[in-house]
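Only one structure is covered here, and it is reproduced in the block below.
Side chains are part of it too, since the values below use all heavy atoms of this structure and drop only hydrogens, waters and symmetry mates. All figures in this text were calculated on a predicted structure; none of them were measured in a lab.
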Amino acid sequence: MTALNVPFMYLPHGEGLPVPFQATAGAAGLDLCAAVPEDQPMVIAPGAHDIVPTGFALGLPEGYEAQIRPRSGLAAKFAVTTLNAPGTIDADYRGEVRVILINHGKEPFTVKRGDRIAQMVIAPVPRIAMIETKTLDTTDRGAGGFGSTGVASPSE
């Protein structure tokens, strides 16, 4: 598979941190590290949220977005996750990539410099042309909304 070249640049407070990286050969997301000062870790109280800097900005190609997603280990071990999952970074945004973390746990959560706090998935986004119509095609689901397909597995 051909790699998608995505330009990025470190901001002054991100210097020395790892480049966003795919931790394994099969990983979909690139791990993002916290760019908080070494001597000033960020503490997120139970029930609170905060915006964590990553110390870099992206130059996404047109037709792509970056999705900021939670790391399952943080959620499973500490009940810490991203607040707006997935967060979207548009192709024309050139500011710092930042991550909104929320602590659903019972203990304060400390974010230290270099901690892996989220993952970023870069995905294609098609141009959309909305076309008004008076009718839509029919499906088995129809207008059934939240919970309309049930909770039990089909074999039960």
Side-chain angles (χ1 to χ4, degrees), residues 1-128 130 141 144-153:
M1 178 184 295
T2 305
L4 175 68
N5 293 321
V6 178
F8 83 100
M9 67 179 208
Y10 283 113
L11 302 174
H13 60 283
E15 290 291 335
L17 289 173
V19 172
F21 62 97
Q22 291 165 294
T24 65
L30 294 91
D31 285 348
L32 303 181
C33 296
V36 297
E38 192 78 49
D39 60 346
Q40 294 176 10
M42 179 181 286
V43 178
I44 304 173
H49 68 278
D50 211 334
I51 299 174
V52 183
T54 64
F56 74 93
L58 287 173
L60 288 170
E62 186 175 332
Y64 286 86
E65 68 160 334
Q67 299 172 6
I68 305 302
R69 299 182 182 184
R71 292 195 71 238
S72 58
L74 287 184
K77 294 176 187 172
F78 305 104
V80 170
T81 189
T82 55
L83 190 55
N84 62 324
T88 295
I89 298 172
D90 297 310
D92 58 352
Y93 176 68
R94 293 298 182 266
E96 181 175 16
V97 173
R98 300 185 305 159
V99 177
I100 306 170
L101 287 183
I102 186 164
N103 181 357
H104 289 298
K106 296 178 180 163
E107 301 294 328
F109 181 76
T110 301
V111 178
K112 298 181 292 299
R113 183 172 184 81
D115 282 352
R116 294 182 296 159
I117 55 167
Q119 58 183 322
M120 178 173 68
V121 173
I122 296 177
V125 178
R127 299 298 314 154
I128 304 297
M130 297 294 290
R141 181 176 182 174
F146 301 116
S148 65
T149 59
V151 236
S153 69

Do [X] and [Y] come within less than 4.5 Å of each other through their side chains, counting heavy atoms only?
| X | Y | value |
| --- | --- | --- |
| Thr54 | Met120 | no |
| Val80 | Ile44 | no |
| Val121 | Pro86 | no |
| Thr82 | Leu101 | yes |
| Pro126 | Ile128 | yes |

If I compare all heavy atoms of [X] with all of [Y], which pair ends up nearest, and what's the gap?
| X | Y | result |
| --- | --- | --- |
| Ala45 | Asn103 | O-CB, 3.5 Å |
| Ala91 | Pro61 | CB-O, 3.5 Å |
| Pro70 | Gln119 | O-NE2, 2.9 Å |
| Gln67 | Ala123 | NE2-CB, 4.1 Å |
| Ala34 | Val111 | CB-CG1, 3.5 Å |
| Leu58 | Ala66 | CD1-CB, 4.1 Å |

Atom pair [atom1] ([X]) and [atom2] ([Y]), whose distance is rounded to the nearest 0.5 Å:
| X | Y | atom1 | atom2 | value |
| --- | --- | --- | --- | --- |
| Ile100 | Ile68 | CD1 | CD1 | 10.5 Å |
| Asp31 | Arg116 | CG | CZ | 4.5 Å |
| Arg98 | Ile89 | CZ | CD1 | 10.5 Å |
| Asp92 | Asp90 | CG | CG | 5.5 Å |
| Cys33 | Asp115 | SG | CG | 8.0 Å |
| Met42 | Arg113 | CE | CZ | 12.0 Å |

Q. So, Tyr93 side chain and Ala57 main chain: donor-acceptor pair closer than 3.5 Å or not?
A.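 Pair absent, no side-chain N/O of Tyr93 close to backbone of Ala57.
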Q: Check whether any side-chain N or O of Glu65 sits under 3.5 Å from a backbone N or O of Thr88 as a donor-acceptor pair, and report yes or no.
A: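 Here the side-chain-to-backbone pair does not exist.
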Q) side chain to side chain contact (heavy atoms under 4.5 Å, CB included) between Thr81 and Ile102: does it pass, once the steps are laid out? A) CA-CA 6 Å; Thr81 189; Ile102 186 164; 3.7 Å; yes
(Q) Tell me whether the rings of Phe8 and Phe56 are parallel (<30°), tilted (30 to 60°) or perpendicular (>60°). (A)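 Phe8 vs Phe56 ring planes: perpendicular.
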Q: Would you please test Tyr64 and Val6 for side chain to side chain contact (heavy atoms under 4.5 Å, CB included) and show each step?
A: CA-CA 10 Å; Tyr64 286 86; Val6 178; over 6 Å; no
Q. Is the number of heavy atoms from other residues, nucleotides or ligands under 6.0 Å of His49 NE2 greater than 12?
A.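 No, the 6.0 Å shell around NE2 holds no more than 12 heavy atoms from other groups.
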Q) More than 12 heavy atoms of other residues, nucleotides or ligands under 6.0 Å from CD of Glu15: is that the case? A)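 Enclosed.
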